[in-house]
Structures are given as C-alpha cells and as structure tokens.
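Order of the sequence lines sets the chain letters (A, B, ...), proteins ahead of strands, with each chain counted from 1.
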2 protein chains.
Amino acid sequence: MAIEKSKRGGATLAEVAAAAGVSKMTASRVLRNAPGFSNQTRDKVMLEVQRLGYVPNRIAAAFGSDQTSTLVGVCVPRLTSDLFGSVLDSIDHTLSKFGYQTMIGTHEQSPEVEETWLRAILAWRPAGVILSGRTHTRGTIEILRAQSIPVVEVWNLNTSPLDVSVGFNHYDCGHEMGSFVLSKGYENIAYVGAETNAEGMGKVRRQGFEKALQNAKREFLTKEILTDRPSFYAGYYGTENVLNRTNDVDAIYYQDDTMAVGGLFYCKSKGLNVADDIGIAGWGGMEIASVLPERLTTTIVTTRALGKAAAEALVARVRNEPVQDVTVATTRLVPGNTI
Amino acid sequence: MAIEKSKRGGATLAEVAAAAGVSKMTASRVLRNAPGFSNQTRDKVMLEVQRLGYVPNRIAAAFGSDQTSTLVGVCVPRLTSDLFGSVLDSIDHTLSKFGYQTMIGTHEQSPEVEETWLRAILAWRPAGVILSGRTHTRGTIEILRAQSIPVVEVWNLNTSPLDVSVGFNHYDCGHEMGSFVLSKGYENIAYVGAETNAEGMGKVRRQGFEKALQNAKREFLTKEILTDRPSFYAGYYGTENVLNRTNDVDAIYYQDDTMAVGGLFYCKSKGLNVADDIGIAGWGGMEIASVLPERLTTTIVTTRALGKAAAEALVARVRNEPVQDVTVATTRLVPGNTI
DNA sequence: ATCAATTAGGTTACCGGTAACGTAACTTTC
DNA sequence: GAAAGTTACGTTACCGGTAACCTAATTGAT
C-alpha cells in the first residue's frame, strides 16, 4: 500500500488554537512552554493538539523567530569508521537530548568538499556546525565568519580555533608512543599510514612520533603512506611494501589500529615473531584488539566523551553560555605485548 | 578568536534583486534555474549574488513553497557499524547528489525510539524518510500514513512495505548458509548472536538457517543470544559460553562477521582447529576478513548499492516517478575455509 | 501581414509560526 | 487602600522566499 503524497499537511497551530478557543499566540506559548498561560488553558490546547494530531512545523517556527533553526550540521571524514562513527553517534545523542537535529556530511579529508557541504548546510540557517577537518579552505573560514555562527572543531586539537575546539592531542599521542617504542629498545622504526585527499590527523601523530625520534637522534627508517583510506587491508599491504623494501625494520608505527591489525596479520603470515622480530604500535583503541591473542600496544581514545563534549560545547555556544575555547579529550597509551 | 553570534544574517534575495535591478521573483527564478529569464539577467543577478555573498535561505524557501523541504530523515540502528555506516554513507552521498540533506537518527532496534525520532523529524517537513527498523510501532505507522510522506524501508526486505522497501533477503541468506553448512557434513550446529532492545534482522537469518536445518530433520544444538550489540568480543564471549555448555558443537553460525571473527579467535585461543574441529560461518563480508589467515565463510552484502538504491528510490518517490515497491539487494555466499 | 505562441519579466498574496507590544484582571506591598 | 508589580492572555506586524497570475515584447506560422 503506497502512501500518496499530498501537499496539504495536517492541522495548523491556528486550527488548534481556534478549536481550543484561544489565540494562536497562546497556543504557541503552550507548545513552547513559554510563560504566560494557565494550567486550564494548557489542558485545553493540549487536548486539541492530541485530537487533531497536530505536528509542529519547525520550518515555520525557524522562519518566524530569529532566523536560526535547531539544526546542527556535523561533517566528519567518513562514516565507515568505528572511531568517527562513535563520535558522531555520541554527538547525535547529546544534541537530540538538547532538542537539536543532526545533519551530516562527509569530506574524506578534502577541505574543498567540506566547503561545498558547508555552503549547502548554511542555507538551513543551522544553530551551529561541528567540523572535523584538519584544515579549512579560505572560503570556509570567510563564510563562517560572515555568518557568525557557532563552530566547534572536533577531533583535532586546535590551539587557535575558529571558535571552539574539542579534540585529542594527536601530536602528544605520537610523541608519547615514540618515546615508549624507543624505551623498549627498538631502533629502526617505520611508519605506515593511508591518506586519501589530504593529510588527516595521522600526519600530526607521525610528526609527534618523529619528534621523539629526533630527540634520540633518530628518524623513521622509511615511511609508507598509501593513497587510500585506513583499513585492515591497507595496513596489511603497507606492511608488505615496507618489509619488501628493507629487512632492517624492527618496529612499525601505524596510523591507527585497523592498519596495525592488518600489519600484525601480515607479519604473522610471514612467520615473524611479533614484538621480538618486529614491534607493532597503533592508535585508537579499537574493539578488534579485545579478541586478538596479542595485546596490541596502542593509544586508547575516548571517542564518546569527545562527541559529548563537542555537542555540549556547541549547545553552550548557541545559548551564549561561557565555553572553554579549547578542550582536550583524554588519550591513554596502553602497553600491550606487540612492542 | 570567537565569532560573535548575531541574529541578522547576510543579504536577502530582495537585496540581491534590488542591486541587480530586477524583481525578487526574477532573482528567485535565476537562482532556482526556473524558466523565465535571459542570459543577461542571469549574469546581472549572479554578479550581485557573488558580490553580496548571498546565502540562499532554504528555510524560507521550504516555508514559502509547497511546505516540504529538501531534508530527508534517515534512521539506522547504530552508527558504530561498518555495515550500517557504509549504507548511511552511500545514502548521504546519493541524496546530496540530488540536492537533499540527510538528517540522521539511531534507534538501536527499539521501535519506540524510532517513533520518538520520527516525530521530531516530521516537524521539519522532510521530503521523505528512510527507516531501517524491522518492526514499527502502531504510532509510527499512523503518523506516516497521516503525513502521507514517502517512506523507504531499508536493510530488511519487506514484502508488504509501508511504501517502498529496499533490502537484503535475510531469510534466504540464512537458509542458503544453512544448506551450505549441512552440505559440508556438519551436524551439530550452534547459533551465536547479540540483540539489544529488540530483535533485528539477525533473527530472520537465523530462522532461514533453522529452516534449512528442519529440512534435514535437524535443529540448532544450542543458541546463544547475548544482550549486547554485535561486536568482536560479543562473538568471542558467546562462543566461550557455547563451548563451555557442550562439547558436541561442530559448527557455529554467527549473526555477523564481527561476531564470527571474535568466535574464530576464541576457537584458536583454545587450540581448536577451525573447519576441522569447528566450522565457522558469518554474514556481512566485512573488511577484516581480508587480512585473516583463514578465509571466512560468509555472505557478502552490497551495502553501498543498497544505500544508493534506497536513496534513489526515495528521490523517485518524492518526484512522483514510478518506483518498484520492493527491491532486493544482492547477497552472495562466499565459501571460505572456515567451513 | 496577421494572429498565435513563446519568452522575459513584474505583481500580488500567502505560507505558519513568533517577537514585540498592549491590556485587563488579579495580587502584592507599604 | 492606592500604587506597583504580576499573570494571562490578545493584536499586529513581520520573517524571506515562491506559486499563481498577469503583461508586454518578440518570434513563428500561415
């Protein structure tokens, strides 16, 4: 049974008000729980709302009020990632708890795609936007400034954010892991990552790691950065490339845990003894690690807390409440037995 | 540098029109590429659009036209799943190509949560909604019917859909896998799954599998259905429970590949010889399988094609073009060496 | 050359709420 | 007990586009 499309919707607020014997304005106040009506009036109005099956019209509401909606635009690199998925899920849950609706977009690390998305989203006069790009185009920055709209930059920690930033300190994550790997006696360390359109935060972690190497008068023996999105297979393949290139590598730092796990399986398939023959370190604390025989050395990140903090910061900005400019979400290096 | 919030936005269409020396209506026609203007006029208008940095106001547009927006609501079980993430990503890409914006929600298999989400979304007068719930509340069905809005039910194949259905035939997936596992000589088969609020489509696959067992005068030796969302560890733990319960099991059918992989690692950790001692079959064709030493026997599903088909079906419904009521997305049993 | 069809515009009214303001009845305060 | 709030409404105007309708000029066909 197909439902036919009809332009005319259901009851309007005016009809509800008329049926309840009050003015449109009073009915509006009841529905928004704005002050200025009695309990008796509320009951009358709500009865008619029920009886007529009134569905509020947020388009008209957004139009008629202050020209901003309860929509929030959220743009993440991609949806097929447990990490970003978890952040987005947490953002959406938190926002909806505050009465906002989430409009999504993906940019695959391309600032240009982010700008295109932003232009489309701004036409909806969102209450605010949450971005996750590492860098933004000049156009993105200009239109955000012109629209003077609350912006939360999430995922990466931006010390001079457009507006508010909630993120992980990727540099420190890399640096801490670099120091840790070195402290375990590894000397010839490679990096394996994957980037599609532009550099994501994996690069920053790599730079942090490199800094730790520099402090020990060392550098990456080799770097393998595939033109691909991070995945198990990308880690597998990248490791194959690295190990075919040189036999001297004794440890690999991976862009994230999916790639690390892929690399782990490549090493095992070649009969290498993980940790002894080759050390493996990842980032992200992904769930797969919980079932592997090896305990993966990685950095656990609090994605749900990050999403919640980002959404709460945005709501606070929208409400003109004081907000901390920069919030660091916690990360924790967890030594396993792969390093 | 924080951006201050201001209520007054930028230029309006009237200002653009005045600057270009035409009427509002003509400017509107240019921007929507509606017929009725000359090239010369378009150039004049577009010049002012650029110069004034005009951002179209879709809220006003939706309000002033036919009371439906270019918003589409999409509600999936959860965002932390490669499978659902991939479907959502594909839906979003396809919709945005057609000029629609995606508003998301998650229901965690709870029809009541889906209804709550739907009520909030309908206030935005979306062009249509895409649902993924296996069942809907009476309220959901009633308000969808009352609003007479295009609805695409996705993921599961619904032979009597509310409106349009695009999905996998989960029952056949299960039945096919059941027949396959039996054909390989396995006799004492267990099922391991995970459900949170309510039964998802895993149950339907299980029923299909059970039908195949019944045809061979058999049944599941035991079923382990955890109160959890499917995950690697849930599969690991569920397998532990099953194998602790009985020694007779010679194969396990899992709700999906994440659980199957978790189970695979449990079996290996106990020194079991996969395929010989215990067969393992999953569903979903998830990427992790590409790096495992074992080739997982599973059913590959075309999530991107599913999302694209669902979005295209929705757009066609919105445009009142003919749409097939029920579309089956392809699935393919891929024999590996774990069965 | 004349009439019909097409093209390029303009005019008017309206969508469904909400902000701002006004007002009458009731309550509190000194 | 009168002035000063407070409460519970109603009235008016307006948000920024678009549909529907109308007009004048141009083009095409017979």
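Side-chain contact between A/Val16 and A/Leu52 is present, with heavy atoms from C-beta onward closer than 4.5 Å. For the pair A/Ile59 and B/Ser69, the minimum side-chain heavy-atom distance is below 4.5 Å.
A/Arg32 has a side-chain polar atom (N or O) that falls below the 4.0 Å cut-off from OP1 or OP2 of C/dA19. The side chain of A/Arg58 contributes no N or O atom lying less than 4.0 Å from OP1 or OP2 of C/dG17. When the side-chain nitrogen and oxygen atoms of A/Ser38 are compared with OP1 and OP2 of D/dC9, one or more of them lie within a distance under 4.0 Å. OP1 or OP2 of D/dG16 has not a single side-chain nitrogen or oxygen of B/Tyr54 nearer than 4.0 Å. Taking 4.0 angstrom as the limit, A/Ser65 places none of its side-chain polar atoms (N or O) nearer than this to OP1 or OP2 of D/dC15.
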ask   = When you look at B/Val76 and B/Val87, which way does the side chain to side chain contact (heavy atoms under 4.5 Å, CB included) test go after all the steps?
value = CA-CA 9 Å; B/Val76 294; B/Val87 171; 5.6 Å; no
Can you name the atoms? Protein N/O to nucleotides 22-25 of chain C N/O, anything below 3.5 Å, with the distance.
none

Give me the distances for all protein-to-nucleotides 11-14 of chain D N/O pairs that come in under 3.5 Å?
none

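Atom CZ in A/Arg125 sits about 14 Å away from atom P in D/dC15, given to the nearest Å. In this structure, the CG atom of A/Asn57 is 12 Å from the P atom of C/dC15, given to the nearest Å. The distance from atom CG of A/Leu31 to atom P of C/dA19 is 13 Å, rounded to the nearest whole Å. Between B/Leu13 atom CG and C/dG10 atom P the separation is 12 Å, expressed in whole Å. To the nearest angstrom, P of C/dG17 lies 11 Å from CD1 of A/Ile59. In this structure, A/Asn33 atom CG and C/dT18 atom C1' are separated by 16 Å, rounded to whole Å.
Residue ring and base: A/Phe63 counts as stacked with D/dC15 (centre distance below 5.5 Å, interplanar angle below 30°).
From B/Leu144, atom CG reaches atom CD of B/Glu153 across 8.5 Å, with rounding to the nearest 0.5 Å.
Ion pairing of B/Arg317 with B/Asp163 is present here, as a side-chain N (NZ or NE/NH1/NH2) and a carboxylate O approach within less than 4.0 Å. The pair A/Glu48-A/Lys44 does not meet the salt-bridge criterion, since no charged nitrogen lies less than 4.0 angstrom from a carboxylate oxygen.
For A/Gln50, the CD atom sits in a loose shell: 12 or fewer heavy atoms of surrounding residues, nucleotides or ligands are nearer than 6.0 Å.
Neither side chain, B/Glu312 nor B/Thr94, offers a donor N or O lying under 3.5 Å from an acceptor on the other. A donor-acceptor contact closer than 3.5 angstrom is absent between the side chains of A/Glu115 and A/His136.
Each of B/Pro56 and A/Asn39 was assigned the nucleotide of DNA chain D with the nearest heavy atom; the assignment lying further toward the 5' end belongs to A/Asn39.
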